Peer 1: 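Please read through the structure below; I'll follow up with questions.
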2 protein chains.
Amino acid sequence: MRQGIPDATVARLPVYLRALTTLAEDGTATVSSEELAAAAGVGSAKLRKDLSHLGSYGTRGVGYEVEYLVYQISRELGLTQDWRVVIVGVGNLGHALANYGGFVSRGFTVAALLDADDRIVGETVGGLVVRPVDDLEEVVAEQGVHIGVVATPAPAAQDVCDRLVAAGVTSVLNFAPVVLLVPDTVMVRKVDLSTELQILAFHEQRQVANRLSVDVPARVVALEPDGGTGRAGVSP
Amino acid sequence: MRQGIPDATVARLPVYLRALTTLAEDGTATVSSEELAAAAGVGSAKLRKDLSHLGSYGTRGVGYEVEYLVYQISRELGLTQDWRVVIVGVGNLGHALANYGGFVSRGFTVAALLDADDRIVGETVGGLVVRPVDDLEEVVAEQGVHIGVVATPAPAAQDVCDRLVAAGVTSVLNFAPVVLLVPDTVMVRKVDLSTELQILAFHEQRQVANRLSVDVPARVVALEPDGGTGRAGVSP
DNA sequence: CGATGTGAAGACATTCACAGCG
DNA sequence: CGCTGTGAATGTCTTCACATCG
């Protein structure tokens with residue numbers, strides 16, 4: 001039950017959480033695994049297996065109590081405490097991030113916005129005054145920042161990341177199109193537009209190829225199980 | 001050799017491609033799997049296995065020719081042809097996307113920017129005039145759009161997605177914090193800030209817990225930037 | 001010789017199918 | 001009876017270790 005939730009499960013918990021909060025707003029009190037799975041875009045067996053890693057929070061013959069499950073998942077993800085975030089780089093993307101409502105909504109506080117450009121420093125974005133990037137170490141130390149968001153141009157990203165790590169940040173969310181090198185003790189997650197588009201392009205290409213060879217019952221096409229639960233078009 | 005490159009491999013090819021183009025700009029002619037793997041932040045065995053799915057493009061005892069490998073990966077990802085993209089929703093995030101340079105850089109053309117807000121329609125963003133969202137079907141049909149980017153507020157996302165799909169789009173990149181329901185024939189990938197932050201929070205929480213129990217040498221390892229599922233591990 | 005390419009082994013994740021409980 | 005929770009089976013990905021070849 002406890003001790004080590006699989007990474008694949010952790011990656012899906014936020015999706016379940018979102019579906020559950022939506023249900024809660026609609027006034028739904030309980031859900032079956034079937035219903036919740038549909039709302040989250042996964043199979044019901046996978047959902048039940050995922051939830052079983054947190055404990056036995058369902059009722060057989062009934063389902064899950066929405067409010068209770070929201071709390072349990074939130075606790076497991078560490079959202080019952082507040083995490084302070086610093087955003088470095090207030091360009092187009094940084095603006096979008098700073099104004100993103102869901103950011104603050106659950107457990108995350110933007111401690112500061114930093115930028116290297118004098119023309120941006122001093123501006124107010126999302127209710128915060130942009131500070132010079134030189135304040136980085138000071139901000140991290142004084143505000144007890146845990147998570148750094150790198151939204152700088154590519155050339156500056158590694159340097160900013162190094163400074164974040166040196167200042168004590170142990171989680172980094174990277175929007176710059178570079179591979180950040182960090183010590184083993186630091187966790188990095190990357191969000192990359194071109195990567196996503198390129199993955200979509202690959203699937204588009206294959207789909208077009210399949211469309212052309214529809215008439216030809218080549219035996220190589222046998223890879224597709226087809227029929228009922230074939231490829232759902234969802235991210236891995 | 002051909003027929004079915006694993007999804008996990010496809011998700012990493014863009015990373016290799018980026019590392020390779022950087023190397024090419026620096027004038028490097030050949031790389032070993034060891035070097036390229038380091039630049040991409042993966043293990044060398046994994047890299048070789050990944051590349052082996054494309055074919056035998058290396059030279060034993062030497063390594064890979066950078067230019068040649070760039071071409072082969074690009075071709076495999078379908079980047080040798082041009083994919084037309086429509087961006088729906090030109091708020092903060094849409095602005096960032098429209099101005100994102102790497103967007104156009106390789107194989108992607110923004111066919112149009114659409115928005116439902118009259119105050120934004122008519123503005124010029126990233127060199128394009130924002131058009132009303134009512135033009136969606138027309139734009140998709142006339143420009144032969146393959147990929148739709150949903151950057152709208154959450155409540156509008158599913159509706160926009162439905163219209164994209166009905167108009168013939170078969171790949172969708174979703175930035176709205178909702179689970180989009182689509183037919184099996186359509187591929188959706190999701191980019192979600194809160195999801196990423198929540199996954200980081202989970203690992204932060206666990207790291208803090210580990211730090212408190214000092215005697216137990218449970219070292220948090222491997223961060224591994226990747227597409228889709230984030231994997232990271234804790235070694236026993 | 002040295003680095004690729006790859007079977008084989010192992011780790012991890014998903015799916016199945018049903019026992020067990022409310 | 002209906003739905004959860006879970007062992008067992010299946011499938012997928014990663015890692016190892018070395019034969020192979022330029």
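Order of the sequence lines fixes the chain letters, A, B, ..., with proteins taken first and strands second; residue numbering starts at 1 for each chain. What you see is a predicted model; the values in this text were computed from it and never measured.
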Peer 1: If you check the Arg48(B) side chain, which of dT15(D), dT15(C), dG5(C) turns out closest?
Peer 2: dG5(C)
Peer 1: Within a 6.0 Å radius of atom CD on Glu34(B), are there more than 12 heavy atoms belonging to other residues, nucleotides or ligands?
Peer 2: no
Peer 1: Could you give the NZ-to-P distance, from Lys46(A) to dA13(C), as a whole number of Å?
Peer 2: 11 Å
Peer 1: Is it the case that over 12 heavy atoms from other parts of the model lie below 6.0 angstrom from the CD atom of Glu67(A)?
Peer 2: no
Peer 1: Go through the side-chain N and O atoms of Glu204(A) and Thr170(B) and say whether any donor and acceptor fall under 3.5 Å apart.
Peer 2: yes
Peer 1: Looking at Arg12(A), I'd like to know whether one of its side-chain N or O atoms comes within less than 4.0 Å of OP1 or OP2 on dT14(C).
Peer 2: yes
Peer 1: What nucleotide, of dT4(C), dT14(D), dT14(C), holds the atom closest to the side chain of Ala8(B)?
Peer 2: dT14(D)
Peer 1: Of Lys46(B), Arg48(B), Lys49(B), which meets side-chain contact (heavy atoms from CB on, under 4.5 Å) against Ser33(B)?
Peer 2: Arg48(B)
Peer 1: Toward the 5' end of DNA chain C, which comes first, Gly61(A) or Thr9(A), by nearest nucleotide?
Peer 2: Thr9(A)
Peer 1: Picking from dA3(C), dG5(D), dC16(C), which would you name as closest to the side chain of Ser32(B)?
Peer 2: dA3(C)
Peer 1: Considering only side-chain heavy atoms of Ser33(B), which listed nucleotide, dG5(D), dT4(C), dT15(C), is closest?
Peer 2: dT4(C)
Peer 1: Within the pair Thr59(A) and dT4(D), is there a side-chain N or O less than 4.0 Å away from OP1 or OP2?
Peer 2: no
Peer 1: Think Tyr57(A) has a side-chain N or O under 4.0 angstrom from the OP1 or OP2 of dC3(D)?
Peer 2: no
Peer 1: Tell me whether the side-chain N or O atoms of Arg60(B) pair up with the base of dT20(D) as donor and acceptor below 3.5 Å, since no angle test is needed here.
Peer 2: yes
Peer 1: Choose from dA8(C), dT15(C), dT4(D) the nucleotide whose nearest atom is closest to any side-chain atom of Lys49(B).
Peer 2: dA8(C)
